[in-house]
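A short worksheet on the structure shown next.
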Amino acid sequence: MRLLLYRHAKSDWGDANMSDMDRPLNNRGKAAATRMAGYMKEQGLPANQILCSTSQRTRETLARLLPFLPQEAQIHLISDLYRQSEDDYLGIIRRFGGRAQNLMVIGHNPATEETARTLAGTTAPGALADLKEKFPTAALAVIDFDIVDWSELQPGTGHLERFVKPRDLKDDVG
């Protein structure tokens, strides 16, 4: 089974009176989210189930991904993904993941990064060092597991197959 941990794209901080939950993507974030969506399609990283935070910026990141999905995906908007703890993410993945072969979580930092670090027992060369350096907006951690149901998810049992940042991609991807 494969977990795609996707941090929302860059949000707009232009309105100081706007609540954090309501911040939309800025233009750079929209472009990065579209570029990453194209990369996921090109690389054969389809999500057949998506767990997405209810914040505006995560929902807008999801909206940029939807046209690139090659199949239907089950989508759950989950307000608890707005929390900042990897323990919350592990519980949400166990509870809502079911038997999805390719499960995507679109969330926030530091929880997205902490979840990736917690789950990765083995890694592709350089992937963990790159992830530990920084988990920027619109970055994606791809972690593979030898389980049959997400309720079996345990720390340190995944293989960090790759870690991709928007700046790693060529502009013509997607």
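For clarity, every value in this text was computed on a predicted model and none was experimentally measured.
Note: the hydrophobic cluster containing Leu62 does not contain Leu25 (ILVMFWY, side chain heavy atoms under 4.5 Å, direct or indirect links).
Within 6.0 Å of the CG atom in Asp146, the count of heavy atoms belonging to other residues, nucleotides or ligands does not exceed 12. In Arg28, the CZ atom is not crowded: 12 or fewer heavy atoms of neighbouring residues, nucleotides or ligands sit closer than 6.0 Å. Counting non-hydrogen atoms of neighbouring residues, nucleotides and ligands closer than 6.0 angstrom, the CD atom of Gln71 exceeds 12 such neighbours.
Rounding to the nearest 0.5 Å places CZ of Arg167 at 11.0 Å from CG of Leu169. Taking CD of Glu133 as the start and CG of Leu131 as the end, the distance is 10.0 Å to the nearest 0.5 Å. Distance check, rounded to the nearest 0.5 Å: CG of Asp22 to CG of Asn17 gives 12.0 Å. Taken to the nearest 0.5 Å, the CD atom of Gln154 stands 12.0 Å off from the OG1 atom of Thr118. Within the model, atoms CG of Leu90 and CD of Glu114 stand 10.5 Å from one another, a figure rounded to the nearest 0.5 Å.
Remark: the backbone N or O of Ala47 is not paired with any side-chain donor or acceptor of Gln101 at under 3.5 angstrom. Not a single donor-acceptor pair under 3.5 Å links the side chain of Arg94 to the backbone N or O of Glu152. Remark: side-chain polar atoms of Arg57 are paired, donor with acceptor, to backbone N or O of Asp20 under 3.5 angstrom. The backbone N or O of Ser53 lies less than 3.5 Å from a partner atom in the side chain of Thr58, making a donor-acceptor pair. A donor-acceptor pair under 3.5 Å is absent between the side-chain atoms of Trp150 and the main chain of Arg95, judged by distance alone. The backbone N or O of Gly29 sits less than 3.5 Å from a side-chain atom of Asn26, completing a donor-acceptor pair. With hydrogens and angles ignored, the 3.5 Å screen pairs a side-chain donor or acceptor of Asn109 with a backbone N or O of Phe135. Here the side chain of Asn48 pairs a donor or acceptor atom with the backbone of Asn102 at under 3.5 angstrom.
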In sequence, state the C-alpha distance, the side-chain angles, and the governing distance for Thr61 and His8, and then conclude on side-chain hydrogen bond (donor to acceptor under 3.5 Å, both in side chains). CA-CA 6 Å; Thr61 300; His8 66 79; 5.3 Å; no
Evaluation steps, side chain to side chain contact (heavy atoms under 4.5 Å, CB included), between Val142 and Phe163: CA-CA 6 Å; Val142 179; Phe163 179 64; over 6 Å; no
If you apply the rule side chain to side chain contact (heavy atoms under 4.5 Å, CB included), what do you find for Val105 with Leu4, and how did you get there? CA-CA 6 Å; Val105 176; Leu4 306 160; over 6 Å; no
Check against side chain to side chain contact (heavy atoms under 4.5 Å, CB included), Tyr82 and Met21: CA-CA 8 Å; Tyr82 187 70; Met21 188 77 163; 3.6 Å; yes
Worked check of side chain to side chain contact (heavy atoms under 4.5 Å, CB included) between Arg64 and Lys30: CA-CA 7 Å; Arg64 297 277 171 169; Lys30 291 174 185 175; 3.1 Å; yes
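Side-chain atoms of Ile50 and Leu65, non-hydrogen and from C-beta on, do get closer than 4.5 Å to each other. By the 4.5 Å heavy-atom criterion applied to side chains, His159 and Ile143 are not counted as neighbours. Side chains of Glu113 and Arg7 form no contact here, defined as non-hydrogen atoms less than 4.5 Å apart. The side-chain heavy atoms of Ile75 and Leu66, taken from C-beta on, include a pair separated by under 4.5 Å. Here the side chains of Leu103 and Leu51 are in contact, with some heavy-atom distance below 4.5 Å. Side chains of Thr157 and Ile147 form no contact here, defined as non-hydrogen atoms less than 4.5 Å apart. For the pair Leu45/Leu140, a side-chain contact is recorded, criterion being any heavy-atom separation below 4.5 Å from C-beta on. Looking only at side-chain heavy atoms (C-beta outward), Leu81 and Thr54 stay at 4.5 Å or farther from each other.
Taking the ring-ring contact (aromatic ring centres under 6.0 Å, His included) definition, one finds that Tyr6 meets it with nothing, sequence neighbours left out. Legend: residues meeting salt bridge (Lys or Arg N to Asp or Glu O under 4.0 Å) with Lys165, ordered by chain and number and at least two apart, are Asp130, Asp168.
Ala63 and Pro67 get closest at one heavy-atom pair: O-CD, 3.2 Å. Among all heavy-atom pairs drawn from Gly107 and Tyr89, the shortest one is CA-OH, 3.5 Å. When all heavy atoms of Met1 and Gly98 are compared, the closest pair comes out as CE-O, 4.0 Å. Nearest heavy atoms, Ala141 versus Leu160: CB-CD1, 4.0 Å. The shortest non-hydrogen separation linking Met18 to Pro24 is SD-CD, 3.6 Å. Nearest heavy atom pair, residue Gln43 against residue Arg162, reads OE1-NH1, 3.2 Å.
Taking the six-membered ring where tryptophan is involved, the planes of Phe96 and His76 are tilted, since the angle between them lies from 30° to 60°.
Cation-pi geometry between Arg23 and Trp13 is met: under 6.0 angstrom from the ring centre, within 45 degrees of the axis.
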